[in-house]
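In the text below, chain A, chain B and the rest are named by the order of the sequence lines, each starting its count at 1. Every heavy atom of this structure was used, including side-chain atoms; hydrogens, water molecules and symmetry mates were not.
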Number of protein chains: 2
Amino acid sequence: MSTQREIARRAKTSLKTVSRVINRDPLVNAETRARIEAIIAEIGYEPSQAARMMRSQRSNVIGFLADGVATSSSSIDLIRGAQDVAWERGKQMMLFNIERGTASAANADSQLTAFRAEAIIYAAVFHQEVDIPNTGVPHVLLNCFDKRHRHTAIVPDDYQLAYDLTRVIFERGYKRPVFLNLNSDIVASHLRADGFVDAAAALGHDVSNAIYTAVISRAGTTPRLATHDILPPLFAGEETPDLVLCGQDTMAMNVYFELGELGLKVGRDIAVASFDNLEPIVSLLKPGLSTMELPYYDMGRAAMTLAIDGQDEVQVLRLKGKFIERHSL
Amino acid sequence: MSTQREIARRAKTSLKTVSRVINRDPLVNAETRARIEAIIAEIGYEPSQAARMMRSQRSNVIGFLADGVATSSSSIDLIRGAQDVAWERGKQMMLFNIERGTASAANADSQLTAFRAEAIIYAAVFHQEVDIPNTGVPHVLLNCFDKRHRHTAIVPDDYQLAYDLTRVIFERGYKRPVFLNLNSDIVASHLRADGFVDAAAALGHDVSNAIYTAVISRAGTTPRLATHDILPPLFAGEETPDLVLCGQDTMAMNVYFELGELGLKVGRDIAVASFDNLEPIVSLLKPGLSTMELPYYDMGRAAMTLAIDGQDEVQVLRLKGKFIERHSL
DNA sequence: TAGCAATTGTCTCACGTTGTCATATCGCGA
DNA sequence: TCGCGATATGACAACGTGAGACAATTGCTA
């Protein structure tokens, strides 16, 4: 790749004038500017980032540590949102897939330090508490929050998600929902249980006994579920549920099958609603799954915006999700 | 962040000696080395990549252009494979989500030029032909190949995938498979059709009339399918199929539902096999989907390896997939 | 013609690192 | 004591860019 010196030679002008053109100094004659710009376009010159970083002492690099995220399709939108903002703001986002506590994490840290990253976004695969110490570089936590409130965090508003969805459920006339929740060591499960109970209570219903923990473990890409044990008894008695609310779309998919085996067709005999809006599952299920979309894309955008602009004080941003209607409800 | 000069000052030694320690030059006294290393550890110093790039005229950066890939969960493994190799080899991979022909692509090119990327991996969302002109930077094509054979390419061996899967099918005793193929403008569809026909022929069966095009369009994350029109007539007559081979797992999921509506239970009345091994769908389907895994992770690794090592001549690497057995067959 | 503004050029420095070359120190044999 | 090689350390330049200080040149106006 050529340098400004080379361009100056070809334009029969000085290094300084080329520098002026590139840095939009107005003190350049229109003709000269055009001539130089033509040469730049012709040879496809781009100023060396390395040299610019050196000179300006600014890296324009934002690190994105994806803790297991990139293996989980549900949260690619976190990455997309962040990257879109980085692009709009002329920053370079460096993505690392890491596992906390392993060599991959240490390596990512070294690399980001070596590049003098201006901020680091740490993204978790699901809404959880983490313990990230303070370092020289400002951190923004994405889909997680710090144990000791040391860093700004962006999380989904799980209470609102459940609250709003529950309102929709009762407004549509469903009377006996059951909530197959995530395991209780997941932050979202408590928030959603509260939202579920509160929204029902506000409409005069008590659903506090209609919550079940349906996830056994989250290891690997596919959660182990307890739906097979939970559902049949629920549909054995008299007052059977008219809606199954699932903690995540993958569980809902499983529930479709379980209900089918009980002779119940979703959309006709029983309604199903869920959380995530995870393509392509939600569209491929028949009928399509009505679900609360987690605002991953916007969370990614918010995280990158805060990472670039910096923050005066530590804050926790809770982003709302929206109801995506299909035909399972 | 401090510099080597700062370290030299604190260690009461020269800049060069610090540099020697950092670059593992053996010509340093053990005591001096220990003293300097202690200071480095204490202040958490990392050499500036920007300065190293300048000095060495090597960026150690490999670009990864993901054309729609990162939105498609199926091909995250391409990215993971590439990144793992980059990490092992001490290179920095820069990922860009682009759409060919848009500003995002132009932007990615500028950025990679600015960073003086040593090679660029261009990854497509599905196996296809592309038209990538020669530039100064060597390209490796991933999941696609160049129209005019100008760049090394890594693609899945779709012929082998279909051939091997078809062999398994007949070895298990299935006699009347139908193949619901992808649309014919997708490269894989032809290769797989050939593999399907050839493998069957080698075992004495003629399946050339058992292939149907089941994908209407691939726009968006969820393909539009024609399975609803194709399947019922097939199961109306006497000699009904005993196995449905699907062009992709998402189609297989749809087929599970369609077959269910025809009163057929997969794994009991009818077998299903497919291509992709796309989690979490394959595991969540009941019974689990037996499918040919596309070698995305290995393809990503191969692409990065070739990108780093360079190549003497343009080649096309076809990587084999493997059969993942579950219970749909 | 002097004066002024606009334009271009020269020169210098700094950013952090590392290769080249030169220097300093030491032990040891002549 | 001198010289030698081996070991250890240091001085300096250069990578490409951008900025400041300031001079030189041109064209135009008063």
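- Whole-Å rounding puts the Arg5(B) CZ to dT17(C) P distance at 9 Å.
- For Gln49(B) and dG16(D), the CD to C1' distance is 16 Å, given to the nearest whole Å.
- Atoms CG (Asp25(B)) and P (dT20(C)) sit 12 Å apart, rounded to a whole Å.
- Side-chain N or O atoms of Arg35(A) include one that pairs as donor or acceptor with a backbone N or O of Ala11(A) at under 3.5 Å.
- In terms of heavy-atom proximity, Gln311(B) sits nearest to Thr152(B) at OE1-OG1, 2.6 Å.
- Atoms CD (Glu46(B)) and P (dT17(C)) sit 11 Å apart, rounded to a whole Å.
- Here dG16(D) is the nucleotide among dG16(D), dG9(C), dT8(C) with the atom lying nearest to any side-chain atom of Met54(B).
- The side chain of Arg55(A) lies closest to dG16(D) when the candidates are dA11(D), dG16(D), dG20(D).
- Taking the side chain of Thr3(A) as heavy atoms from C-beta on, and the options dT18(C), dG16(D), dG18(D), the nearest nucleotide is dG16(D).
- Summarising the geometry, the separation between CE on Met53(A) and C1' on dA14(C) is reported as 18 Å, rounded to the nearest angstrom.
- If you check dT9(D), dT17(C), dG18(D) against the side chain of Ser48(B), the one that comes closest is dT17(C).
- Using cut-offs of 30° and 60° for the angle between ring planes, the Phe115(B) and Phe115(A) rings count as perpendicular.
- Among the nucleotides dA11(D), dT7(C), dG16(D), the one closest to any side-chain atom of Ala51(A) is dG16(D).
- Each of Ser56(A) and Leu15(A) has a nearest nucleotide on DNA chain C; the 5'-most of these lies closest to Leu15(A).
- With dA19(D), dT17(C), dG10(D) as the choices, the nucleotide that has an atom nearest any side-chain atom of Asn23(A) turns out to be dA19(D).
- The base of dG19(C) lies outside donor-acceptor range of the side chain of Arg20(B), with no N or O pair under 3.5 Å.
- A side-chain hydrogen bond (donor to acceptor under 3.5 Å, both in side chains) with His127(B) holds for exactly one of Asp157(B), Asn143(B), Asp158(B); it is Asp158(B).
- Remark: side-chain polar atoms of Glu31(B) are not paired, donor with acceptor, to backbone N or O of Asn29(B) under 3.5 angstrom.
- A pairwise comparison of heavy atoms in Val314(B) and His149(B) identifies CG1-O, 3.5 Å as the closest pair.
- Between the P atom of dT7(D) and the CD atom of Glu31(B) lies a distance of 17 Å, rounded to the nearest Å.
- Checking dT9(D), dG10(D), dT8(C) against every side-chain atom of Lys16(B), the shortest atom distance belongs to dG10(D).
- For dT9(D), one of the phosphate oxygens OP1 or OP2 lies less than 4.0 angstrom from a side-chain nitrogen or oxygen of Thr32(B).
- Between the base of dT18(C) and the side chain of Arg52(B) there is no donor-acceptor pair shorter than 3.5 Å.
- If you measure from atom CZ of Phe115(B) to atom C1' of dG16(D), you get 15 Å, rounded to the nearest angstrom.
- Listed pair Thr13(A) / dG9(C) meets the phosphate criterion, a side-chain N or O lying under 4.0 Å from OP1 or OP2.
- Of the candidates dA11(D), dT8(C), dT17(D), dT17(D) carries the atom nearest the Pro47(A) side chain, counting heavy atoms from C-beta on.
- The side-chain heavy atoms of Asp146(A) and His139(A), taken from C-beta on, include no pair separated by under 4.5 Å.
- Annotation: side chain of Leu142(B) is in contact with side chain of Met299(B) (closest heavy-atom distance under 4.5 Å).
- Between the CD1 atom of Ile36(B) and the C1' atom of dG10(D) there is a distance of 12 Å, rounded to whole Å.
- Close to dT18(C), at under 4.0 Å from its OP1 or OP2, lies no side-chain N or O of Gln57(B).
- Map Pro26(B) and Tyr45(A) each onto its nearest nucleotide of DNA chain D; the residue landing nearer the 5' end is Pro26(B).
- Overall, the helix from dT1(C)-dA30(D) to dA30(C)-dT1(D) carries an axis bend of 70° between its ends, with five pairs at each end and the value rounded to 10°.
- The backbone N or O of Leu95(B) sits less than 3.5 Å from a side-chain atom of Gln83(A), completing a donor-acceptor pair.
- Here the nucleotide nearest the side chain of Gln4(B), chosen from dT17(C), dG18(D), dT7(C), is dT17(C).
- Here the side chain of Thr17(B) is nearest to one of dG18(D), dG20(D), dT9(D), namely dT9(D).
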